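All ligand and atom numbering here is 1-based and tracks the order in the structure. These figures come from a predicted structure and were not determined experimentally. Numbers here simply count residues along the sequence, with the first being 1.
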Amino acid sequence: MKDQLQAIEKEALEQIAQIETLKDLQDVQVTYLGKKGSITGVLRGMGKLSPEERPVIGEMANKVRESIQTNLAEKKEAIELKELEIQLEAEKIDVTLPGRPVRVGGTHILHSIIEEIEDHFIGLGYEVKEGPEVETDYYNFEALNLPKGHPARDMQDSFYITNELLLRTHTSPVQARTMNALDGEPIRMICPGKVYRRDSDDATHSHQFTQIEGLYVDKNVRMSDLKGTLDLFAKKMFGTDREIRLRPSFFPFTEPSVEMDISCKVCSGEGCSVCKKTGWIEILGAGMVHPKVLEMAGYDPKVYTGFAFGMGPDRIAMLKYGVDDIRRFYTNDVRFLQQFHEA
Ligand code: DAH
């Protein structure tokens, strides 16, 4: 039996030396130390031994078992260490590699222009208002002195949802909405927002664009107030060296109506391709609020007067940054939009 145990130990240690995986290690453990393993088999046969032999063999069997156990434990540790090393090697991070840049979004240029204009007018005591993009025929046209069948409606063909509901063609309806919501109190408001027209898109037309409306109603508001306000605005947006010019124009909701030009920055009034050789660039429409518009919104035109203006941030952005095509603002080519963030 001694020989048998020695043979078992020798064989086991040889096998353990060759083990490479934890699975094989488990198998070897079962083969030698398990319930049906070789050592257990030897111990079971001890009943047949003489009482003198029994402790000797018992002690030897225990030693062999311990020797196998120790070897298995050492092997286990070695395998685990090796596996950990393999894993660490595989997951190695080179901290010296350059990082991947995080792409950060930014404010759309039209939005930046709108915020700039808002800041300017807030500084003058104006409130920023909002109105619905799906508008009624009444507010979009009628309340602005554009009754059904009025020829000036043709200039602003809309997308109709029903006969009475449409996508607003300008931000002017917010004038009437604001006045209607108040009870003859003075008003100083601007309203930025999206507007829609049934135009064919080209370099200067887009079926969707933005506008900013302005409205100032109080007692004794005069044309000179409008002129001063517009002059200040032009100098703020385009530079203190800009001049403004008001040309007579027509809008059904203002009387008199004007269009405001600024002197061309490129040629300083000499005439170039940007200003079409006139020295002036058209920026916005404005005028004194038509008495009928005041009256329809519940303001007594004998007591109150007001001025209004409407401008397009798209056009302002095009002029300010030399953008050649209005569609660039809406097709969202990141390469175009990014230029405005690289300070
Ligand atoms: N609503 C006009 C348009 O879209 C612009 C405009 C002109 C607005 C004169 C005004 C104004 O408030 O007084 O063409």
Could you tell me, for ligand 1, which of its N or O atoms are under 3.5 Å from any protein N or O, listing the pairs and their distances rounded to 0.1 Å?
from	atom 1	to	atom 2	distance (Å)
ligand 1	1 (N)	His170	ND1	2.9
ligand 1	1 (N)	Ser172	OG	2.9
ligand 1	4 (O)	Arg197	NH2	2.8
ligand 1	4 (O)	Gln211	NE2	2.9
ligand 1	12 (O)	Gln175	NE2	3.0
ligand 1	12 (O)	Glu213	OE2	2.6
ligand 1	12 (O)	Phe309	N	3.4
ligand 1	12 (O)	Phe309	O	3.4
ligand 1	13 (O)	Ala308	O	3.2

**Message:** Could you tell me if the side chain of Arg247 sits less than 4.5 Å from the side chain of Met260, heavy atoms only?
**Reply:** no
**Asked** Is the closest side-chain heavy-atom distance between Lys36 and Val30 below 4.5 Å?
**Response** no
**Request:** State whether the side chain of Arg328 and the backbone N or O of Ala203 hold a donor-acceptor pair below 3.5 Å, judged by distance alone.
**Result:** no
**Item:** Residue pair Gln211 / Arg315, side-chain heavy-atom distance below 4.5 Å
**Value:** no
**Request:** Step through the shown structure and confirm whether more than 12 heavy atoms of other residues, nucleotides or ligands are within 6.0 Å of CD on Gln26.
**Result:** no
**Message:** Could you tell me if the side chain of Val293 sits less than 4.5 Å from the side chain of Thr254, heavy atoms only?
**Reply:** no
